[in-house]
**Q** 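The structure under discussion is supplied below as structure tokens; questions concerning it will follow.
Sequence lines set the chain letters: A, B, ... in the order given, protein chains first and strands last, and positions in each chain run from 1.
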There are 2 protein chains.
Amino acid sequence: MNQVEEILKKNHLSVTGSRQKIMQLFLNSNGALAHADIEKKTGESFDRVTVYRTLQSFVEKGIIHLIPTRDNSIKYALCKDDCEAGHHHDNHVHFICDECSKTICLDDVTVPQVKLPKGFTPQHAEMVVNGICGECK
Amino acid sequence: MNQVEEILKKNHLSVTGSRQKIMQLFLNSNGALAHADIEKKTGESFDRVTVYRTLQSFVEKGIIHLIPTRDNSIKYALCKDDCEAGHHHDNHVHFICDECSKTICLDDVTVPQVKLPKGFTPQHAEMVVNGICGECK
DNA sequence: GTAAATTTGCAACAATGATGCGAAAATTTA
DNA sequence: TAAATTTTCGCATCATTGTTGCAAATTTAC
């Protein structure tokens, strides 16, 4: 049983062609993927709806997470820690390169706490940093 | 000359019905607005395209700014400081209430700096906090 | 008040995402 | 391992969101 199958089974998902291929894509890519990226890379293999539903199932199981971006395009990313241990990932910072527009999970950088005005109760914080990544410098 | 006209003229925008009405909406609301909110509140007054273009022109002039949200819906907000002084607003934190889903600019809370891994050069950082706002508590 | 510049509304289009449903595939069961 | 059951897939269809071109209307500048 390969890594992809393992991940799917562990998360109680049927092992199907689309899920295997898309999961493999995430494992191969070192950044986040947008729906469009996935559709491009899988070619004509799967229906557009299948890709949506596959991503949805991954999100529901907590295998991948969404990354909010400034231009409001949805990006999905697999966190290394997640797939290996299955535990819930902490709140890490995301980095988006303005040059190559690669989106990277900075798993080691946690979102700092901020002091909110009186009355506000925080529950979850997201932080996205834009700039130039190591490869584009 | 009223406040709305003043803002528009200062930003070299023609004073038109849609711009006046939409700008007024922003001045009246104490939170951020989504395109859909605006369309709802302006009723049948304007074409959908006009609303888009009006918002675009405001963004271009720096009168309003975009707020990235976790569910990837675009929200626009007017910062008090901006409209009065015209200077560029600093990087403040945004708060989205999970209860009433109001989106608020925390003008006094600046986005903290984070230490990035080697090679990454930050240029801009966004931070969005979800939770419960003062009114919903 | 008129000419020039800008903005509007309409039509049309593109991209993104959701849903219902029968067919196909995967999993369970015996 | 074959049948029964469950899940997923693909197609058609639809909704929402956002963009563009262009002629008509409005605003601004002179």
**Q** B:Val15 or A:Thr54: which one's nearest nucleotide on DNA chain D is closer to the 5' end?
**A** A:Thr54
**Q** Is any side-chain heavy atom of B:Ile63 closer than 4.5 Å to one of B:Ile7?
**A** yes
**Q** Answer yes or no: side-chain N or O of B:Arg48 and base N or O of D:dG18 forming a donor-acceptor pair under 3.5 Å.
**A** yes
**Q** Atom CG of B:Leu55 to atom P of C:dT8: distance rounded to whole Å?
**A** 11 Å
**Q** Taking all non-hydrogen atoms of both residues, which atom of A:Leu106 and which atom of A:His92 are closest, and how far apart?
**A** O-CB, 3.3 Å
**Q** Can you list, in residue-number order, the parts of residues 17-25 of chain B that come under 4.0 Å of DNA chain D, counting heavy atoms only?
**A** none
**Q** Keeping the roles fixed (side chain from A:His65, backbone from A:Ala77), state whether a donor-acceptor pair exists under 3.5 Å.
**A** yes
**Q** Could you give me the stems involving DNA chain C, meaning stretches of three or more consecutive Watson-Crick or G-U wobble pairs whose two defining distances are both below 3.5 Å?
**A** C:1-30 with D:1-30
**Q** Roughly, in whole Å, what's the span from NE2 in B:His12 to P in C:dA5?
**A** 18 Å
**Q** Given D:dT27, C:dT27, D:dC9, which nucleotide is nearest the side-chain atoms of B:Ser14?
**A** D:dT27
**Q** Is B:Thr50 near enough to C:dG9 that one of its side-chain N or O atoms lies under 4.0 angstrom from OP1 or OP2?
**A** yes
**Q** Take atom CG of A:Asp37 and atom P of C:dT16, then tell me their distance rounded to the nearest Å.
**A** 10 Å
**Q** Checking A:Asn28 side chain against A:Leu25 main chain: does a donor-acceptor pair fall under 3.5 Å?
**A** no
**Q** Could you give the CG-to-P distance, from A:Asp47 to C:dA23, as a whole number of Å?
**A** 17 Å
**Q** Please evaluate residues A:Lys75 and A:Thr103 with respect to the criterion side chain to side chain donor-acceptor pair (under 3.5 Å), reporting the C-alpha separation (whole Å), side-chain torsions for both, the decisive distance (0.1 Å), and the verdict.
**A** CA-CA 8 Å; A:Lys75 297 235 181 179; A:Thr103 302; 3.2 Å; yes
**Q** Measure from the side chain of B:Thr16, starting at C-beta and using heavy atoms only, and say which of D:dT27, C:dG9, D:dC11 lies closest.
**A** D:dT27
**Q** Which of the following nucleotides, C:dG17, D:dT28, C:dA18, is nearest to the side chain of A:Gln56?
**A** C:dA18
**Q** Regarding A:Glu39, tell me which of base, sugar-phosphate or nothing describes its non-hydrogen contacts under 4.0 Å with the strands shown.
**A** nothing
**Q** Hey, does A:Phe46 have a side-chain heavy atom less than 4.5 Å from the side chain of A:Glu39?
**A** no
**Q** One thing to verify: whether A:Glu99 and A:Lys137 come together as a salt bridge, which I'm taking to mean a side-chain N less than 4.0 angstrom from a carboxylate O.
**A** no
**Q** Between B:Ile38 (CD1) and D:dT16 (P), how many Å, whole number?
**A** 18 Å
**Q** Select one nucleotide: of D:dT28, D:dG10, D:dG18, the one nearest the side-chain heavy atoms of B:Tyr52.
**A** D:dG18
**Q** Can you check the B:Phe46 CZ to C:dG9 P distance for me, whole Å?
**A** 7 Å
**Q** Keeping the roles fixed (side chain from B:Ser14, backbone from B:Thr16), state whether a donor-acceptor pair exists under 3.5 Å.
**A** no
**Q** Quiz question: going by heavy-atom distance under 3.5 Å, is there a donor-acceptor pair between the base of D:dG10 and the side chain of A:Arg53?
**A** yes
**Q** Of the nucleotides D:dT19, D:dG18, C:dG17, which one has an atom closest to the side chain of B:Val49?
**A** D:dT19
**Q** B:Asn2 and B:Glu6: side chain to side chain donor-acceptor pair (under 3.5 Å), yes or no, with the steps?
**A** CA-CA 6 Å; B:Asn2 61 39; B:Glu6 238 172 83; over 6 Å; no
**Q** For A:His35 and C:dA15, what is the distance between atoms NE2 and C1' respectively, to the nearest whole Å?
**A** 10 Å
**Q** Expressed in angstrom and rounded to an integer, what is the separation of A:Lys9 atom NZ from C:dA26 atom C1'?
**A** 10 Å
**Q** Looking at the rings of B:Tyr52 and B:His35, which for Trp means the six-membered one, are their centres under 6.0 Å apart?
**A** yes
